[in-house]
Asks: 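Quick one: structure below, then a few questions.
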Amino acid sequence: MAGLQELRFPEEKPLLRGQEAAELENSDTFLLAVDTNWKEHDIETPYGLLHVVIRGSPKGNRPAILTYHDVGLNHKLCFNTFFNFEDMQEITKHFVVCHVDAPGQQVGASQFPQGYQFPSMEQLAAMLPSVVQHFGFKYVIGIGVGAGAYVLAKFALIFPDLVEGLVLMNIDPNGKGWIDWAATKLSGLTSTLPDTVLSHLFSQEELVNNTELVQSYRQQIGNVVNQANLQLFWNMYNSRRDLDINRPGTVPNAKTLRCPVMLVVGDNAPAEDGVVECNSKLDPTTTTFLKMADSGGLPQVTQPGKLSEAFKYFLQGMGYMPSASMTRLARSRTASLTSASSGDGSRPPACTHSESSEGLGQVNHTMEVSC
């Protein structure tokens with residue numbers, strides 16, 4: 001694509017291979033690490049209760065980092081490895097983190113009663129303002145994976161004033177056609193639910209070659225997440241409609257995400273085609289596309305160092321953490337990622353991403369990052 005800049009990280013050993021994955025399976029830090037600075041909440045919303053975990057405390061007027069996990073997971077399975085990674089601590093000391101579990105997906109959740117109607121993807125998005133209001137957040141920076149990325153994108157479309165930025169991993173903006181729907185139904189008849197979900201989370205190559213990591217997730221999905229509740233979430237995700245977005249100028253009155261967006265996908269991920277298509281539908285002046293080498297369906301688990309570094313630059317592009325250390329990306333690229341905001345904790349102007357930094361010239365956010 002013309003005008004794209006390519007930024008490369010030095011080589012970083014992929015995590016969770018062989019013995020490392022075996023250790024992960026038996027490690028409390030993977031799932032149930034106890035952060036002494038977290039609190040659990042059940043938030044009432046128009047579509048039922050939401051289980052939410054808060055890590056840290058609000059930092060002035062800064063936005064909260066709000067996460068939403070993929071189907072088959074919960075916030076612990078999806079994000080603990082990433083947020084417990086050493087490099088993320090430099091970020092989380094500046095922001096309160098709000099982990100949202102989809103209804104009934106949290107550890108120890110009770111099974112929904114017979115006949116319970118699981119919220120639609122639109123309703124899941126419409127539950128989030130209750131969380132924002134409950135904690136008094138003015139706005140959030142969302143991090144979503146798979147189904148969670150779809151929910152956060154829908155949330156930003158419906159409530160744009162509440163979302164300052166989005167990191168969307170493995171997002172598929174398309175609904176399922178009848179052929180895909182039939183294939184999913186057939187798969188459900190011939191495979192167990194955890195195995196069906198694994199084919200959504202991991203590529204075929206990973207399923208064959210990274211057996212330790214896949215097996216650890218097979219066990220956790222089967223043992224930690226209530227299977228009846230998971231089936232309801234899985235069914236609803238597979239019933240989703242197309243995400244109603246188009247690149248500005250391509251169609252009349254095009255809807256798009258108004259905030260800065262970083263799209264993330266592994267170079268060996270089943271969601272790659274969907275993420276590429278989503279990138280084609282977003283405003284190129286506010287969108288970064290990050291394709292991660294040596295990373296499959298769960299880049300936040302297999303490459304947390306690279307992802308935390310990229311997230312740091314994404315935040316700096318919005319005017320936060322201007323003095324944060326830089327280790328993996330060349331310092332010479334800083335000018336293309338950093339805005340002119342003073343970083344004092346106040347919200348940057350809505351058009352920060354097209355402004356110029358003094359002495360740096362025009363800020364360019366049309367990027368493809370390969371790492």
Side-chain angles (χ1 to χ4, degrees), residues 1 3-15 65 67-68 70 78-79 81-83 85 87-88 91 141-146 148-150 152-153 156 164-173 201 203 245 247 257 259-318 320-321 324 326-330 332-339 353 363-371:
M1 185 182 298
L4 294 181
Q5 301 179 44
E6 185 173 340
L7 310 185
R8 293 188 176 275
F9 291 100
E11 287 299 316
E12 176 178 308
K13 180 182 177 183
L15 301 180
I65 295 174
T67 75
Y68 212 113
D70 202 353
C78 195
F79 291 112
T81 298
F82 181 51
F83 277 88
F85 192 73
D87 289 359
M88 275 298 291
I91 295 174
I141 296 171
I143 304 179
V145 181
Y150 183 99
L152 289 183
E164 186 169 353
L166 287 174
V167 177
L168 304 177
M169 291 180 262
N170 300 334
I171 186 170
D172 187 344
L201 298 175
S203 67
I245 54 174
R247 179 163 289 186
L257 298 174
C259 63
V261 178
M262 181 167 71
L263 299 174
V264 181
V265 69
D267 65 350
N268 181 29
E272 182 177 359
D273 290 344
V275 178
V276 169
E277 181 167 351
C278 187
N279 184 53
S280 72
K281 294 183 175 183
L282 295 178
D283 185 343
T285 67
T286 57
T287 303
T288 300
F289 180 78
L290 174 63
K291 187 174 181 180
M292 301 188 69
D294 298 319
S295 179
L298 297 178
Q300 77 279 16
V301 173
T302 57
Q303 296 287 7
K306 291 179 180 178
L307 184 59
S308 62
E309 189 77 359
F311 183 45
K312 184 192 304 179
Y313 297 131
F314 180 70
L315 293 171
Q316 288 179 330
M318 291 189 289
Y320 298 108
M321 302 175 59
M326 303 177 196
T327 55
R328 291 179 176 82
L329 289 183
S332 62
R333 294 296 189 183
T334 306
S336 66
L337 288 170
T338 307
S339 75
H353 294 268
V363 177
N364 181 0
H365 285 266
T366 308
M367 301 181 131
E368 180 173 304
V369 183
S370 177
C371 55

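Quick caveat: nothing in here was measured; it's all calculated off a predicted structure.
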Asks: So, Glu164 side chain and Ile141 main chain: donor-acceptor pair closer than 3.5 Å or not?
Replies: no
Asks: Any non-hydrogen side-chain atom of Tyr313 less than 4.5 Å from a side-chain atom of Thr288?
Replies: no
Asks: Mind listing the closest non-hydrogen atom pair of Leu290 and Ala310 along with its distance?
Replies: CD2-CB, 3.6 Å
Asks: Determine whether Pro299 and Asn170 make a side-chain contact, defined as any pair of heavy atoms from C-beta on separated by less than 4.5 Å.
Replies: yes
Asks: What I'd like to find out is whether the side chain of Met169 reaches to under 4.5 Å of the side chain of Ile143, using heavy atoms alone.
Replies: yes
Asks: Please answer whether the main-chain N or O of Val265 pairs with a side-chain N or O of Glu272 as donor and acceptor at a distance below 3.5 Å.
Replies: no
Asks: Would you call Pro284 and Arg247 a side-chain contact if the rule is heavy atoms closer than 4.5 Å?
Replies: yes
Asks: Does any non-hydrogen side-chain atom of Cys278 lie less than 4.5 Å from one of Ile245?
Replies: yes
Asks: Taking all non-hydrogen atoms of both residues, which atom of Thr302 and which atom of Gly296 are closest, and how far apart?
Replies: OG1-N, 4.3 Å
Asks: Where do Ala153 and Leu166 come nearest, in terms of heavy atoms and distance?
Replies: CA-CD1, 4.2 Å
Asks: Side chain to side chain contact (heavy atoms under 4.5 Å, CB included) for Phe85 and Leu307? Distances and angles first, verdict last.
Replies: CA-CA 10 Å; Phe85 192 73; Leu307 184 59; over 6 Å; no
Asks: Rounded to the nearest 0.5 Å, what separation is found between the CE atom of Met262 and the CG atom of Asn279?
Replies: 12.5 Å
Asks: For the residue pair Phe311 and Phe314, categorise the inter-ring angle as parallel (less than 30°), tilted (30 to 60°) or perpendicular (more than 60°).
Replies: parallel
Asks: Just do the side chain to side chain contact (heavy atoms under 4.5 Å, CB included) check on Lys312 and Asp87 with the steps written out, would you?
Replies: CA-CA 9 Å; Lys312 184 192 304 179; Asp87 289 359; 6.0 Å; no
Asks: Kindly compute the distance separating CD1 (Ile65) from CG (Leu315), expressed to the nearest 0.5 Å.
Replies: 6.0 Å
Asks: For Thr81 and Gln300: C-alpha separation, side-chain torsions, deciding distance, then whether side chain to side chain contact (heavy atoms under 4.5 Å, CB included) applies.
Replies: CA-CA 7 Å; Thr81 298; Gln300 77 279 16; over 6 Å; no
Asks: Looking at every non-hydrogen atom in both residues, tell me the closest pair between Asn268 and Ser203 and how far apart they are.
Replies: OD1-OG, 3.1 Å
Asks: Over all heavy atoms of both residues, which pair between Leu168 and Ile171 is shortest? Give the atoms and the distance, please.
Replies: CD1-CD1, 3.8 Å
Asks: Could you report the tightest heavy-atom contact between Gln303 and Asp294, atom names first, then the distance?
Replies: NE2-O, 3.1 Å
Asks: What distance do Leu257 atom CG and Thr286 atom OG1 have between them, rounded to the nearest 0.5 Å?
Replies: 8.0 Å
Asks: Could you tell me whether Lys306 and Glu309 have a side-chain N and a carboxylate O separated by less than 4.0 Å?
Replies: no
Asks: Using 0.5 Å steps for rounding, measure from the CD atom of Glu277 to the CG atom of Leu263.
Replies: 12.0 Å
